[in-house]
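Worksheet for the structure shown next.
To find a chain, count down the sequence lines: A is the first, B the second, and so on, and within it residues start at 1. Heavy atoms only: backbone and side chains are in, while hydrogens, waters and symmetry mates are out.
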Amino acid sequence: MNWFDKFCNDFTLNFIEGDRWKWILEGLGNTIIITIFALIIGVLLGIIIAAVRSTYDKNGADMKKRGGPAYVFLKIGNTLCNLYLTVVRGTPSVVQLLIMYFIILVNVTNGVFVAIIAFGLNSAAYVAEIFRGGIMSIDEGQFEAGRSLGFNYLQTMFHIILPQAIKVILPSLFNEFITLIKETAVAGYVGVMDLTKAGDKIRGRTFSAFMPLIAVALIYLGIVVLLTQLLKQLEKRLRKSER
Amino acid sequence: MKKKLTAIITLLVVAAMAIALTACGGSKPAPAPTPAGSGSGSAPAPAAGGKLVMATNAEFPPYEFKEGDDFAGIDVEIAGAIANKLGLELEIKDVEFGSIIGGVQSGKFDMGMAGMTVTEERLQSVSFSTSYATGIQSIIVKEGSDIASPDDLAGHKIGVQADTTGDIYCCDDFGDENVTAFKTGADAVQALISGKVDCVVIDNEPAKSFVAANKDAGLKILDTAYAEEQYAIAINKDNTVLLDQINAALEELTADGTIPGIIAKYIG
Amino acid sequence: MEEALIKVRNLKKHYNGGKVKALDGIDIDIHQGEVVVVVGPSGSGKSTFLRSLNLLEQPTEGEIIFDGEDINAKDADINKHRQKMGMVFQHFNLFPHKTVLGNITLAPIQLKKIPKPEAEAQAMKLLNMVHLEDKATNYPSQLSGGQKQRIAIARALAMEPTVMLFDEPTSALDPEMVGEVLDIMKDLAKSGMTMVVVTHEMGFAKEVGTRVIFIDHGQIKEENTPKEFFNNPKDPRLQDFLSKVLI
């Protein structure tokens, strides 16, 4: 049972001594806080961006005909949204995080807050495309049927398009949540102790790679497996409601 | 089906970890009881005429750094002098700082020399030679800071480079919640300049470079250092022969003025 | 003669800055109770014409006067006018997330603010008319193509439109289901509904149409009573077209 003793010694050294397991717990807490709040920001902002872009695609011609400032605002908004999507999706999230920490929010001392903002803004770009993709996946005929009955653009969206699109959107949104959890592993770059950083911190003290890295990996994996199971349940239920 | 299997395996592993936690947590055994001189033979002393493999992380001037393709620095020159004394050929491996102890432990390297401080944790994994140099952990603050000496650090936000001795000491002394660890020393100094932390604790030599590089930011190094630390050579626990040889060599090289000469050459 | 229900004047639809002319100056009056059947080769612009009548296709220029108002004018409330113009699509376009009853009552409840029980009672009458009252609680995916199209007609009728637009309503159907849809359309025509029908069903045009229109290259090339239209075509393109569709 020599290997077992060694395993126990390693385990004690890495997690029990100096209450190092508390770092893991704190890191896990920060990872979850950053992910959830970033996703909330991402969804709210993402919906706005998707609304602007979808409205421009689907209703822009109508608004152009009626003229007025609304169309001008929509066009400018659409251009800005496109620029935003290009920049956010064209740069690594860790670079965005560093820019947010050292340049934009230079006077904010709370690293977790900065990480929430940075990942939230990052996630918004992807959420926006998830929503837009969901809306665009609905057959144009549905839109025309709604309009032909006399529904205006927004009524058609809410009564006809979105109830169908949500079945496409929800699983992708859940996937974005899962991706985001793993993305936040770079929060350590701005001095935030997330789950990955907690493992690094233990490694920096105990110089054993195996225990902290495997423990951190297992925790991420556990969360992701759990969420994936939930996602499958969700998809099953959505399919059922289709009949 | 395959996914389900993966899920089951994952759960099993997590369960095993949990059981281990209970088993290990119950008795809390003394750390790593490796009897001295047990002679498992995993790392025999290098034979005369052979190689002395040294692991370092050549990004820590003036102790070790690269000059073109060659290694230079205090540690590099001292190692050269030791190898000379033992009649061995010095071979330098440039690796991650965090991998040095592990490599020495596993016998991959004969010794680790990288401005490395002796700590309790490290002593559980490797043996250390007698100290050959002293490192200083300095405190950088902004001009006009209310931190005037290490005694004032309590209650302030401290920036450090992750996993350095500065990080470890500050966490122990002032609590994890007051210490913000950055990937690089430069990031920590940037955070100091923008007011995210109140001071930075870091090795004295890089501290000097950072303060010089950010002249406009009004930074200064406090006259009183935060800590002094003893740099020593890490050697495999089982290799008591090499430990004795190196300790003897260090003693001779200090006595004949070689080591003080090397240090004086790099640190004015 | 009374005022026309729909007056179309100089209707044009251009693409690529005028290089492609889908509609090239259409003028037509459609009167109350008429069944106007529109025929023409594919790509002739006949569907574009129909879809322009309720502005699903935005015309490049021209007037569409409906209920005495130019609905193509900038300040016209097109959503209000569309409530009076029912439309039936080639691909049915039923709402898959709603039951048959939900499909029919959605617009009356949401747009006309008719109480749900009342809207459902009216929907049941319409289902009776299309002979599908037993499908009220089914979802569209459980219906055959012919049944779907009959529901789509009932859905459009639920808004009590003054005119019904049919965009190739039988083109996507299996042959054995064409009859059941045409029967409903015949009933509708007999009840006095004003209808504009784009179709390839020449039998329907002959039997039910009050007027048949031939569109080619975005223009009306010929319009006449069905009898004259089929027996005595004058435009050479129409003669060619009829020789191909009527064997």
| message | For the aromatic rings, using the six-membered ring if either is Trp, is the centroid distance between B/Tyr231 and B/Tyr63 under 6.0 Å? | response | yes
| task | Name the region of A/Asp10, side chain, backbone, both or neither, that has any atom closer than 4.5 Å to a heavy atom of chain B. | result | neither
| note | Okay, B/Asp167 and chain A: the region with an atom under 4.5 Å from a heavy atom over there is both
| Less than 4.0 Å between a side-chain N and a carboxylate O, is that true for A/Lys197 and A/Asp194? | no
| note | Counting heavy-atom pairs under 4.5 angstrom with chain B, the leader among A/Val108, A/Val106, A/Asn110 is A/Val106
| field | Side-chain heavy atoms of A/Met211 within contact of A/Phe7, under 4.5 Å | value | yes
| said: Please identify, among B/Asp172, B/Asp176, B/Val160, the residue contributing the most non-hydrogen atom pairs under 4.5 Å to chain A. | reply: B/Asp176
| message | For B/Ala181, which atoms come within 4.5 Å of any heavy atom of chain A: side chain, backbone, both, or neither? | response | both
| task | Determine whether the side chains of A/Tyr189 and B/Asp187 contain a donor N or O and an acceptor N or O closer than 3.5 Å. | result | no
| task | Tell me, for A/Trp21 versus chain B, whether the close heavy atoms (under 4.5 Å) come from the side chain, the backbone, both or neither. | result | neither
| query | Are the charged groups of A/Arg53 and A/Glu129 less than 4.0 angstrom apart, N to O? | reply | yes
